[in-house]
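Below you'll find the structure, written out as structure tokens, and then a few comments.
Values below: every heavy atom of this structure, side chains too, minus hydrogens, waters and symmetry copies. Every chain is numbered from 1, with letters handed out A, B, ... down the list of sequences.
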Amino acid sequence: MNDSLEHDEARQARTALDEADTRRIGSPRDRRIHGIATALIGVILGVALAIQPESEGPTLFLLVVIICFIAVGAWQTRAARSTPRSTNRTAFVGIGATVVMVIAFVVLRQTLEVRGDELTWPLRIGSGLLVAAPMIVAGLVIGRGGQR
Amino acid sequence: MSPGHARHRLNPQLQAPVRFSIVATLASVDSAEFAVVRDEVEISDSALSKQVSTLEQAGIVKVKKGYVGKRPRTWLSLTRDGRSQWQQHLAALREIAGD
């Protein structure tokens, strides 16, 4: 009788485990949305730093950049119905690396200003690419996702 | 491995089939819309609300309410403790299943 009880328990446990395995809702569509949004944030930031005007006041330019960020965030929130597993962690890692790159860019610019040197366009473009890169990579990782 | 049969390590909150399905669904994502979970588990809004409330009180599920435009939206996610409880429950099931 004990054997029968344990057999039933094992069968029920296996059924539950099979049920758990089938419940996966992180859709490829939602992965793509979060991946694209993450990469776009990086691109916007990289482009903004690369083309940031020096002679004009930054207010209108900054406003445009902020509006772009809000637009991407709003699209991401409206379009995605789930946040696939590890999306947030991957995005935060990308953001963290991007922040480091931004700080490096600011230090570079201030060093050049102190020395009286100009921030040339190749430097601007290179810096913009370096700033954008972490979040583009994070976006690709999110978009591809992990198949479990 | 803890002493005693694995059935004693099953989480009573997760033994109810509907709650089990809800948590299994949320375990596969960082968060999901209420409607997505409802459709996946195939229960009504009110039934899902009731079960989510129980899981929220048990500290397993987190509920976030907001708006997209003028439309209210509710997002569900597992808490850190909830994920831990889920993993422990699955471990007990695997032990019972003999895996």
Pair count under 4.5 Å, heavy atoms only, with chain B: among A:Arg14, A:Arg11, A:Gln12, highest is A:Arg14
Give a yes or no on whether B:Val68 and A:Val72 share a hydrophobic cluster (residues Ile, Leu, Val, Met, Phe, Trp, Tyr; joining criterion: side-chain heavy atoms under 4.5 Å apart).
no
Close side-chain approach of A:Arg23 and B:Ser21, heavy atoms under 4.5 Å:
yes
Using the rule that two of Ile, Leu, Val, Met, Phe, Trp, Tyr join whenever any of their side-chain heavy atoms come within less than 4.5 Å, decide whether A:Val100 and A:Val93 are in one cluster.
no
Quick one: CZ on A:Arg81 to CZ on B:Phe34, what's the gap to the nearest 0.5 Å?
12.0 Å
Atom CZ of A:Phe92: over 12 foreign heavy atoms under 6.0 Å
no
Connected via hydrophobic side-chain network under 4.5 Å: A:Val107 and A:Val114:
no
So, taking the atom named OG in A:Ser82 and the one named CG in B:Leu26, what distance separates them when rounded to the nearest 0.5 Å?
10.5 Å
Checked B:Ala24, B:Ala97, B:Gly98 vs chain A; the most non-hydrogen pairs under 4.5 Å come from B:Ala97
Contacting region of B:Arg94 [heavy-atom separation from chain A under 4.5 Å]
both
Minimal heavy-atom distance between A:Ala10 and B:Ile96, with the atoms involved, is CB-O, 3.5 Å
Any chance you could measure B:Arg71, atom CZ, to A:Arg78, atom CZ, to the nearest 0.5 Å?
8.0 Å
With clusters defined by side-chain heavy atoms of hydrophobic residues (ILVMFWY) lying less than 4.5 Å apart, directly or transitively, does A:Trp121 cluster with A:Val131?
yes
Should A:Val47 and A:Val64 be regarded as members of a common hydrophobic cluster, given that ILVMFWY residues are connected when their side-chain heavy atoms come within less than 4.5 Å of each other, either directly or indirectly?
no
Please report the closest heavy-atom contact between B:Leu93 and A:Ala13, naming both atoms and the distance.
O-CB, 3.4 Å
Portion of A:Thr15 that has a non-hydrogen atom of chain B nearer than 4.5 angstrom
neither
Is the shortest side-chain heavy-atom distance between A:Arg85 and B:Val29 below 4.5 Å?
no
Between the side chain of B:Arg73 and the main-chain N/O of A:Thr77, is any donor-acceptor distance below 3.5 Å?
yes
Compare every heavy atom of B:Trp75 with every heavy atom of A:Ala80, then report the nearest pair and how far apart it is.
O-CH2, 3.5 Å
Can you tell which part of B:Val41 gets under 4.5 Å to a heavy atom of chain A, answering side chain, backbone, both or neither?
backbone
What's the spacing between B:Asp30 CG and A:His34 NE2 if we round to 0.5 Å?
8.5 Å
